[in-house]
**Q** 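Supplied in structure tokens, the structure appears directly below.
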2 protein chains.
Amino acid sequence: MVTIIAMSRKITQKKANLRDVAKASGVSVATVSRVMNSPQTVSPKTRARVEIAIRDLKFVPSAAARAINSGRTRFVGALVPTLDNAIFARFLAAMETRLIDSGLALVVATTNDDPEIEVQRAENMLKIGAEGLVVSGVTHHPDLHTLIERSQLPAIATSYYDLNADWPTIGYDNASASRLALQHLLDLNHRKIAVVHGPAEKNDRTRARLNGLTTELDVDFRFYETRISVESGVRAARDMLQDQDAPSAVLCLSDVLAHGVLFEFQRSGAAVPDRFSVVGIDDLPASAHSVPRLTTVHLPVSQMGTTTAEAMAAWVEDKVVPDSTQIHPVLQERESTAKYQPC
Amino acid sequence: MVTIIAMSRKITQKKANLRDVAKASGVSVATVSRVMNSPQTVSPKTRARVEIAIRDLKFVPSAAARAINSGRTRFVGALVPTLDNAIFARFLAAMETRLIDSGLALVVATTNDDPEIEVQRAENMLKIGAEGLVVSGVTHHPDLHTLIERSQLPAIATSYYDLNADWPTIGYDNASASRLALQHLLDLNHRKIAVVHGPAEKNDRTRARLNGLTTELDVDFRFYETRISVESGVRAARDMLQDQDAPSAVLCLSDVLAHGVLFEFQRSGAAVPDRFSVVGIDDLPASAHSVPRLTTVHLPVSQMGTTTAEAMAAWVEDKVVPDSTQIHPVLQERESTAKYQPC
DNA sequence: AATGGTAATGTAACTGGTTACAAGAACCTG
DNA sequence: CAGGTTCTTGTAACCAGTTACATTACCATT
């Protein structure tokens, strides 16, 4: 019985607001507001009365109303290509952790590397009140630039370091990341190198990495462009195995692809690193444990996330526009690469 | 010169609001509002004037002010233990995609499986105006229940199916997921089984899976409780290899752990499935390509994400409280399991 | 020219909080 | 007990939009 009454009341009950609480506790709206924001300034007995009313009416202050006064919504948006790649997940996790410390929440949206979708997502972020925006890479739809310019929204580009970009960048030099991997293979005397990479057209990080693949030496490159997935790595490796003029080394522009390659080589008995050297870029947690352990270029994405979060927090809180900061990839030598030996 | 003037103006320039635009274009605030929300009702010439003013003043409507009128913020929050495990990333990706279709954004926060942190994150979600909350599992800090109850916030528990929970649940029966894996091993005559799992104390999904591990048969279980990471899987496998009374099968309550186990067995030459059968739960993308391919219990998390998003959208848009819905795990037989053969 | 109907626009009240300022009450000091 | 502090509390303006309702403008009939 009691339950039923309570339930039916629950359904018809409108949300209580400040005025309701004020009325119920016989004080003014200002006093209720004070109880919520600076309780010390209210006398204990008044405060107690108000708190009871708050409890009874299940009063929850409106975030929007608060935001309209402070001009703050206390969250920032991040646009990433996908969540399916652990590299972004780790970046976001680091960023979120640091943002929370500044009392900022993180809103995530995925763009699937499509500039049009990216603009839509950015517009949505703005519409719901994001105070800042983090994007990946520096190449975007013109509308995104217009949007940011118009709205004066703090924006930071990540996974890329470029002092000439429209916005501050926090990231690494993608060209030198891939050059690091390439140089390692060259040092091991590899001259026939398969390069497995994700879609280049819409992804400037991939393009930059591809551009980093230059050398004075006479190298025979073979490019495999695919989706970024373990499966695609498997398929690329399968192709190589059927090639009578097979490469001696495989450079994957993403560890996810390298894992696929490693799996397929392993499965088909193609010895790594004896027959094929394999090197990746990213350094995912699994890369330290794969068989063989993957030599890869470590991208400090957690650090990137923390730095980005700090910069963003300082920007939205204190209006200090961050400088671009470069973080440095480092080659992580493990077991999947070895000196080239002609059979 | 021009640049400098433009810059200094930019710095001092306050953000324009509706009234400013109205003044600049010589119309009333209502007309400007109409230009933004229902342009057809405004005469073309007036509209043009207003649009120019909007452009000139770089007017961007305040999300908060809009929200205060509509009572809507158009985003919902999701609390997940971590982003580091691909299983959550995939769930969130699916949910985000579906929410976008309903014009809702997704705010993500991680709890690290800590009930206290979870409450804080939930409070934060509420403070910034989330219209709904998605959580993992059904066991939470009492304060979280109070919070949801007080605020009448639409809340859905996922990764768990339980009709008796405080909130609607959308997920699978974790006990039967692990039972599926166990039964498979039993059918293959395994009786000494290592169970590798994540921290049980704070994770009701893990506990439920553990509870599913019951049988009439005389089975010798050995439990390995660790962090959920590839590395932990490696370590557990290493332990097993040193055990003279080694198990014949390994049941991992998470694919991430299984991958670690597989890597270590592979590396040390312990044949899978001949010497050890290995089975997982989750079915990550990599599981179909590992060596050997991992037999695992497929959890349809993408479907779970979509369903959750639909339910949440219906709840916040049309106030229809969703029913709990169960999604069914299915055993995905691949190559990592085989009949037990005494050596 | 008067009437009517519709389309376009304006006025002002509203949303739900915060806060500057004013005013009243309580307390202290000489 | 007057006068001055300090502490509490209230009033009302304000934030930046939306929207019900009123008003005006415009065009077509009769």
Side-chain angles (χ1 to χ4, degrees), chain A residues 13-54 57-74 126-131 150-153, chain B residues 13-54 57-74 126-131 150-153:
Chain A
Q13 175 183 60
K14 275 259 109 55
K15 275 196 163 59
N17 63 22
L18 247 206
R19 266 95 182 163
D20 298 332
V21 177
K23 205 164 301 169
S25 47
V27 301
S28 71
V29 289
T31 301
V32 180
S33 180
R34 286 187 195 105
V35 170
M36 314 255 6
N37 301 309
S38 44
Q40 348 68 277
T41 68
V42 179
S43 77
K45 47 190 167 20
T46 313
R47 193 193 315 163
R49 273 220 317 287
V50 173
E51 273 162 357
I52 287 167
I54 287 175
L57 297 177
K58 297 186 176 177
F59 170 64
V60 180
S62 144
R66 179 169 291 167
I68 209 178
N69 287 292
S70 62
R72 302 286 314 270
T73 53
R74 308 211 70 86
L126 211 59
K127 224 165 58 192
I128 67 173
E131 292 189 55
R150 270 213 190 315
S151 59
Q152 306 272 308
L153 188 71
Chain B
Q13 176 184 59
K14 273 261 107 57
K15 275 196 162 55
N17 63 24
L18 246 206
R19 264 94 183 164
D20 298 330
V21 176
K23 206 164 299 170
S25 48
V27 299
S28 71
V29 289
T31 301
V32 180
S33 180
R34 285 186 195 106
V35 169
M36 315 256 3
N37 301 310
S38 44
Q40 349 66 277
T41 68
V42 179
S43 79
K45 47 191 168 19
T46 314
R47 193 193 315 162
R49 274 220 316 288
V50 173
E51 273 162 358
I52 288 168
I54 287 175
L57 298 177
K58 297 187 175 175
F59 169 63
V60 180
S62 142
R66 179 170 291 166
I68 209 178
N69 285 292
S70 62
R72 301 287 313 272
T73 52
R74 307 210 70 86
L126 211 60
K127 222 166 57 192
I128 67 173
E131 293 189 53
R150 270 215 189 313
S151 60
Q152 305 274 306
L153 188 72

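Every chain is numbered from 1, with letters handed out A, B, ... down the list of sequences.
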**Q** If I compare all heavy atoms of B:Arg66 with all of B:Pro61, which pair ends up nearest, and what's the gap?
**A**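 That would be NH2-CG, 3.6 Å.
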
**Q** Quick one: closest heavy-atom pair of A:Met36 and A:Ile54, and the distance?
**A**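 Closest approach of A:Met36 to A:Ile54, heavy atoms only: SD-CD1, 3.9 Å.
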
**Q** Restricting to non-hydrogen atoms, name the atom on B:Ala67 and the atom on A:Ala64 that form the minimum distance, rounded to 0.1 Å.
**A** CB-CB, 3.6 Å

**Q** First and last nucleotide of DNA chain D in contact with chain B, 5' to 3', at under 4.0 Å to a heavy atom: what are they?
**A** D:dA16 to D:dA20

**Q** So what does B:Ser33 touch, heavy atoms closer than 4.0 Å: a base, only the sugar-phosphate, or nothing?
**A**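 Touches a base.
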
**Q** Ignoring hydrogens and angles, tell me if any N or O in the side chain of B:Ser62 forms a donor-acceptor pair with the backbone of B:Ala65 under 3.5 Å.
**A** yes

**Q** Please confirm whether the shortest side-chain N or O distance from A:Arg66 to OP1 or OP2 of C:dT18 is below 4.0 Å.
**A** yes

**Q** Treat primed atoms plus P, OP1 and OP2 as sugar-phosphate and everything else as base, then score nucleotides 4-15 of chain C 5' to 3': B for base contact with protein heavy atoms under 4.0 Å, S for sugar-phosphate contact only, - for none.
**A** ----SBBBB--B

**Q** Expressed as a whole number of angstroms, how long is the span from A:Asp20:CG to C:dG17:C1'?
**A** 13 Å

**Q** Quick one: closest heavy-atom pair of B:Leu18 and B:Val29, and the distance?
**A** CD1-O, 3.9 Å

**Q** To check you understand the geometry: which heavy-atom pair defines the closest contact between A:Arg74 and B:Ile128, and what is its length?
**A**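 Looking at all heavy atoms of both residues, the shortest contact is O-CG2, 4.0 Å.
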
**Q** For side chain to side chain contact (heavy atoms under 4.5 Å, CB included), just list the numbers for A:Val27 and A:Val50, CA-CA rounded to whole Å, side-chain angles, deciding distance to a tenth of an Å, and then say yes or no.
**A** CA-CA 8 Å; A:Val27 301; A:Val50 173; 3.8 Å; yes

**Q** So, do B:Val35 and B:Glu51 sit near enough that their side-chain heavy atoms are less than 4.5 Å apart?
**A**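 The answer is yes; the side chains approach within 4.5 Å.
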
